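This report concerns only the one structure given below.
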Amino acid sequence: GAGVSQSPSNKVTEKGKDVELRCDPISGHTALYWYRQSLGQGLEFLIYFQGNSAPDKSGLPSDRFSAERTGGSVSTLTIQRTQQEDSAVYLCASSFLTDTQYFGPGTRLTVL
Amino acid sequence: QKEVEQDPGPLSVPEGAIVSLNCTYSNSAFQYFMWYRQYSRKGPELLMYTYSSGNKEDGRFTAQVDKSSKYISLFIRDSQPSDSATYLCAMRINNDMRFGAGTRLTVKP
């Protein structure tokens with residue numbers, strides 16, 4: 001595709017439910033990143049993939065958060081037992097090796 | 001102290017004004033410096049990318065890096081209402097990227 005795509009664009013869920021957020025990176029990009037952006041805050045790094053492996057998971061805020069990437073392409077970020085403080089925009093970016101990161105439009109998550 | 005400091009604004013200017021956006025950082029190991037523009041309910045888009053100290057110009061935009069002072073700037077000349085957005089500075093060491101909080105800019109017609 002022409003750019004990074006993310007789905008869904010919006011997700012409203014109830015506290016305690018699990019959610020899955022999807023990211024389709026730019027074709028050929030080897031690296032994939034997940035960030036979280038809360039209102040009025042900068043981007044908070046969550047996790048980074050190079051190929052299918054995640055050498056840096058240091059940003060995941062708790063063990064309720066996990067991510068995987070298959071086939072060196074699509075990635076899924078899963079949040080289990082969602083809490084209200086998980087409400088934010090979740091952004092995915094991809095890059096070729098360590099080059100410039102290009103962002104998707106984000107998934108706006110609201111936990112009621 | 002945050003690694004990257006950026007005044008969140010908001011900043012409001014009249015159309016045609018020169019806009020100056022700034023960030024300071026604490027880690028001298030940062031190698032690459034970027035400015036992203038983010039429109040409401042959209043993902044950030046890369047605006048400028050620099051590596052070395054000095055100025056880089058692209059149309060109405062100039063990015064300035066001063067590594068000795070750990071200070072980067074983005075200047076927008078002849079600002080337009082379409083420039084109204086949040087501007088995020090970012091800096092990188094290899095895959096490790098850090099972002100400023102973003103400055104919200106409004107350019108009034």
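Please read all numbers here as calculations on a predicted model, not as lab measurements. Within every chain, numbering begins at 1; the chains are lettered A, B, ... in the order of the sequence lines, protein sequences first and strands thereafter.
By the 4.5 Å heavy-atom criterion applied to side chains, A:Q37 and B:Q38 are counted as neighbours.
Atoms CZ and CZ, on A:F45 and B:R98 in that order, are 7.5 Å from each other to the nearest 0.5 Å.
Both B:L47 and B:V107 sit in one connected hydrophobic cluster of ILVMFWY residues. Membership requires side-chain heavy atoms under 4.5 Å apart, directly or through other members. Using a 4.5 Å cut-off between side-chain heavy atoms of Ile, Leu, Val, Met, Phe, Trp and Tyr, with links allowed through other members, A:Y48 and A:L60 fall into different hydrophobic clusters. A:Y90 and B:L88 fall into different hydrophobic clusters, where Ile, Leu, Val, Met, Phe, Trp and Tyr side chains are chained together by heavy-atom contacts under 4.5 Å. Residues A:W34 and A:I26 are members of separate hydrophobic clusters, defined by side-chain heavy-atom contacts under 4.5 angstrom among Ile, Leu, Val, Met, Phe, Trp and Tyr.
Residue-environment remark: CD (A:E85) exceeds the threshold of 12 foreign heavy atoms within 6.0 Å. When the shell of 6.0 Å around CZ of B:R41 is examined, it contains 12 or fewer heavy atoms from other residues, nucleotides or ligands.
For B:Y36, the part lying under 4.5 angstrom from a heavy atom of chain A is the side chain only. Only the side chain of A:L91 has a heavy atom closer than 4.5 Å to any heavy atom of chain B. In this structure, no portion of A:E44 lies under 4.5 Å from any heavy atom of chain B.
Of all heavy-atom pairs between A:Y35 and B:M97, the closest is OH-CB, 3.6 Å.
In terms of heavy-atom pairs under 4.5 Å with chain A, the best-connected choice from B:M34, B:R92, B:Q6 is B:R92.
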